[in-house]
Amino acid sequence: MDKVYDQTKVEPKWYKLWEDAGYFKPEINLDGKPYTIILPPPNANAPLHFGHAMYVVEDILIRYHRMKGDAALWLPGADHAGFETQVVFEKYLESIGKSRFDFDRQTLYQMIWDFVQQNKGTMEGQLRRLGFSLDWSRYKFTLDPDIVKMVCKTFKKLYADGLLYRAQRLVNYCTKNGTSFSDLEVTYEERKDPLYYIKYGPLTLATTRPETKFGDTAVAVNPKDKRYQKYVGKEIEIETVLGKAKIKVIADEMVDMEFGTGVVKITPAHDHDDFATAQRHNLPLLQVIGFDGKMNEKSGKFAGMSVKEARVAVVEDMEQKGLIDHIDYEYTHRVGLCYKCGTVIEPLPMEQWFIKMTELAKKAIEVVKKGEVKIYPKNWETTYFNWLKNIKDWNISRQIVWGMQIPAWFCDSCQKWTVTEGEEPEVCNNCGNVSLERDPDVFDTWFSSGQWPFATLQTTNPSAGGDFEKFYPTTVMETMYDILLFWVARMVMLGIYATGKVPFKDVLLHGKILDPLGKKMSKSKGNVVNPMEIANLYGADAVRMALVYGTAFGHDQSLSHPKLQAMRNFTNKLWNIGRFIIDFAPEDTKHPDLVTIMIKQWAEKKDPSQAEIFRLTQDDKDILEKLLQTIQTVSKALNRYRFHDGADTLYEFIWHQFADKYIESTKDRRAQAQPVLEYVFRTSLELLHPFMPFISEELWQRLPHEGKSIMISTWPSSN
RNA sequence: GGACGGAUAGCUCAGUGGUAGAGCGCUGCAUUCACAUUGCAGAUGUCGGGGGUUCAAAUCCCUCUCCGUCCACCA
């Protein structure tokens, strides 16, 4: 054995052996109880980032449970990541001087498809490099035909159950990306904008968006406001930049008497509150801004201007006409932005597919309240409950090409929709007409990934009747806390809806990986660290250990080179312990296997007579006792998802108790101590295996052992 | 306007009621001994501020400050 551990000679060789031997399949423990984790499918639009390395937590659990004899299934996959991927691809097109509008739908889709295939391959190699014991025979992609079919089936069921409807609503529209979004995809920014006090006939009202005045269909005051009582229900005459007009005054609770003048203009087509108010009062919708972000023909001479230009021009005109009372330049408010490109989100009226969420959310709340689904760390429950309690209907239509096209066809003649499970209908379900047109929109990616746990398991292993019966509900869903609402909550709702059962029992939420200075990694900041480079530098084992060691699970952590180095050093320590025990064993220490077995028995039962037979010293007994405690602590830590406790305990035990103290104590009685050295080290490697699979396998193979691989050895027992 | 997380040794972080811990860094010693990617010994903290509960608080309660994040329809 080399004096210094060289991970490049060890890590590359084991993965293929494990995979070829079929150890990653749950069938290796055919009779074991099912233990399932579905890998959160990484977006197939880029290589893995450091956050993905946190999958190590899942691998630790899977390897631990596999060793405990469970039928452990860790199912890999990839997400087509609709909008996200299309944006990445459009950036690429931009870099070669093209845009998505240079291609027809089919061509563009095919180009993105090829791009995604390439990324998928890269990602798979990277997941293997990190040692993740995924069952590749069950690999799934969100655009696999059978998955698409499952998703469409749910869509149809929702439609049949009346939980899905098509409606014209105000949607969050990004005029740059040309698509609508769900509420979660809008980010907000505090901004200082002028608050204009403008004159509406006898009234004055405050607004930040004077350019939308052409879309006003009423003016509202609070019903309790005595100042304006006399106007309520009447039409007032107003002077506008486009001439005289009449407008209705309504009374509605939504108006805050304290704000501005207590009078609000109602612009139903361009403001969410106003839209809701308009519905209560049966006010018409008057759209003055187009989907291109420009004023339309309804705004008279301002037509064709962008919203921003129009605001300036309108204010200028109003000032000339004396319609501006005054302007508050110190006003701050929150502006909704596209989470992707930062463009101001324009609320626009649009026909889209919406899912009624209230009932679905109620059940999702219930299962967590009852403990059928547990969230770790528990404090995230507050966030989960809060969102679900106030949930609004979910817009799942997206105006992009990359994704699953919605299986709904519109009939020209009866103006109704025919919804299928994906297959093209021959005639309209309602009137039998043959002239149908498919909705060009695709699903919000989260609608399909929200069905991932059951969609995967219902389509894998079809020859054996499918995995669903055995592996669903899954055991653990582990992901970063930032997608608790986007993804986890939706999986709970859709999982219960489609299968009647929760999709998983325990939700684990890990923290964010920050750059070495504690800043968020981002491409634009240029501080992204490639996990593969780090793995090649320190070894995958060291990367894995560094991610769980020393930081409480669930907390953000900065990538720390000193810590990575420390873990690399730990691999070297392990290597040299192995070298000492294996290479430097004197010839006369060969002992029959029986001795090892007896020591194991003593360790487990503490039979004093055996201690006598093998002349165990106090040092021997101490280390065996400490080993037992370590087994207990590590097992308990993993059962409670306290990964750092397990990692810290093993590091401390192996390095400081075993190497520094015990091994030193055996140097003058080497031959007699050899069986204990071997036994304690082998057991330590088994405990360490879920954390550091490569080096633990390499050294275990070199020690006397039973069985073919540490991966399928039995988890050490402490009783 | 609400919610959550963080503030502990120079740095990165563990530690949820019982005499302050780890890794890295630092100081001194050890070098043909499995390992210098090492070993041994050591220094370093009024545990963010203030108040309270308790025989006892980094840990429980209240409050304040500063960082980070999320949710919410103030025109």
Side-chain angles (χ1 to χ4, degrees), chain A residues 1-7 170 183-184 187-188 193 195-197 205-210 212 219-220 254-256 258-267 270-277 331-334 336 347 377-387 389-392 481-482 484-485 511-512 514 516-520 538-539 542 546 549-585 642 644-645 647-649 651-652 655-656 659-661 663-664 666-668 670 677:
Chain A
M1 288 169 79
D2 297 342
K3 204 169 170 181
V4 174
Y5 175 58
D6 183 356
Q7 54 94 2
L170 284 204
D183 295 331
L184 281 177
T187 59
Y188 290 89
D193 281 316
L195 180 62
Y196 304 93
Y197 283 76
L205 56 81
T207 180
T208 51
R209 303 203 59 185
T212 62
V219 169
M254 65 85 81
V255 182
D256 178 356
E258 308 293 316
F259 187 90
T261 58
V263 185
V264 188
K265 67 194 210 57
I266 301 297
T267 320
H270 301 293
D271 181 280
H272 287 105
D273 286 342
D274 294 0
F275 182 84
T277 309
Y331 180 66
T332 56
H333 64 152
R334 289 166 66 83
K378 197 177 188 331
N379 30 305
W380 285 105
E381 284 183 4
T382 317
T383 305
Y384 176 87
F385 289 139
N386 261 342
W387 185 66
K389 250 186 267 168
N390 307 308
I391 199 162
K392 285 187 289 183
Y481 57 72
D482 64 339
L484 172 65
L485 306 181
K512 197 184 301 176
L514 306 165
L517 299 174
K519 300 276 177 240
K520 195 176 159 183
Y538 298 103
Y549 179 93
T551 303
F553 180 74
H555 291 195
D556 292 353
Q557 64 172 315
S558 307
L559 197 64
S560 152
H561 283 280
K563 189 151 95 174
L564 284 157
Q565 243 162 44
M567 294 307 134
R568 191 268 322 266
N569 294 355
F570 183 49
T571 58
N572 192 56
K573 191 70 184 179
L574 289 162
W575 181 254
N576 278 289
I577 294 170
R579 202 161 154 252
F580 176 77
I581 295 175
I582 299 154
D583 276 13
F584 288 73
R642 296 181 58 88
H644 63 291
D645 278 351
D648 294 6
T649 301
Y651 181 94
E652 157 68 17
W655 198 318
H656 300 301
D660 289 348
K661 299 215 170 68
I663 290 182
E664 290 304 321
T666 64
K667 284 185 175 168
D668 54 359
R670 184 60 201 278
L677 284 167

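Source: prediction; values computed, not measured. By convention in this document, chain letters (A, B, ...) are assigned in the order of the sequence lines, proteins followed by strands, and residues within each chain are numbered from 1.
Aromatic ring orientation, A:Trp380 versus A:Tyr481: parallel (interplanar angle below 30°, classes split at 30° and 60°).
Look at B:G1: its Watson-Crick or wobble partner, with both distances under 3.5 angstrom, is B:C71. Shown here, B:G42 forms a base pair with B:C26; the pair counts as Watson-Crick or G-U wobble because both key distances fall under 3.5 Å. With both pairing distances under 3.5 Å, B:U65 is matched to B:A7 as a Watson-Crick or G-U wobble pair. Across all strands shown, B:U16 forms no Watson-Crick or G-U wobble pair with both key distances under 3.5 Å. Across all strands shown, nothing is found opposite B:C35 as a Watson-Crick or G-U wobble partner with both distances under 3.5 Å.
Of the candidates B:G15, B:A14, B:A34, B:A14 carries the atom nearest the A:Thr551 side chain, counting heavy atoms from C-beta on. When each of B:A14, B:G23, B:C74 is scored by its nearest atom to the side-chain atoms of A:His644, the top-ranked nucleotide is B:A14. Nearest nucleotide to the A:Trp655 side chain, out of B:C24, B:U38, B:G6: B:U38. When each of B:G5, B:C35, B:U12 is scored by its nearest atom to the side-chain atoms of A:Ser558, the top-ranked nucleotide is B:U12. Candidate nucleotides B:G23, B:A34, B:C74 were compared by shortest atom distance to the side chain of A:Phe580, and B:A34 ranks first. Candidate nucleotides B:C71, B:U37, B:A14 were compared by shortest atom distance to the side chain of A:Val4, and B:U37 ranks first. Closest to the A:Arg579 side chain, of the nucleotides B:C35, B:U37, B:C73, is B:C35.
Among the heavy atoms of the strands, none lies under 4.0 Å from A:Gln565. Within 4.0 Å (heavy atoms only), A:Tyr549 reaches sugar-phosphate atoms of the nucleic acid but no base atom. If you check every strand for non-hydrogen atoms under 4.0 Å, A:Asn386 touches nothing.
Side-chain polar atoms of A:His656 and A:Asp660 form a donor-acceptor pair below 3.5 angstrom.
Residue A:Leu514 contributes atom CG, which lies 10 Å from atom P of B:U69 at whole-angstrom precision. Taking atom NE2 on A:His333 and atom C1' on B:C74, their separation rounds to 11 Å, with Å as the unit.
Neither OP1 nor OP2 of B:U37 sits under 4.0 Å from any side-chain N or O of A:Asn576. Between A:Lys667 and the phosphate of B:A34, there is a side-chain N or O to OP1/OP2 separation shorter than 4.0 Å. Taking only side-chain nitrogens and oxygens, A:His656 comes nearer than 4.0 Å to OP1 or OP2 of B:G23. In terms of phosphate contacts, A:Lys573 brings a side-chain nitrogen or oxygen within less than 4.0 Å of OP1 or OP2 of B:G39. At the phosphate of B:C4, neither OP1 nor OP2 sits under 4.0 Å from any side-chain N or O atom of A:Lys378. At the phosphate of B:C35, neither OP1 nor OP2 sits under 4.0 Å from any side-chain N or O atom of A:Asn569. Dashed line: the shortest gap from a side-chain N or O of A:His555 to OP1 or OP2 of B:A14 is under 4.0 Å. The side chain of A:Arg642 places an N or O atom within less than 4.0 Å of a non-bridging phosphate oxygen (OP1 or OP2) of B:G15.
Annotation for A:Asp193 and A:His333: closest pair OD2-NE2, 2.8 Å, computed over non-hydrogen atoms.
Here the side chain of A:Asn572 pairs no donor or acceptor atom with the backbone of A:Arg568 at under 3.5 angstrom. For A:Lys573 (side chain) and A:Tyr651 (main-chain N/O), no donor-acceptor pair under 3.5 Å exists by modelled atom type.
Taking 3.5 Å as the limit, the base of B:A3 and the side chain of A:Glu381 contain no donor-acceptor pair of atoms between them. A donor-acceptor contact under 3.5 Å is not formed by the side chain of A:Lys563 with the base of B:C24.
When each of A:Phe584 and A:Asn390 is assigned the nucleotide of RNA chain B bearing its nearest heavy atom, the one mapping closer to the 5' terminus is A:Phe584.
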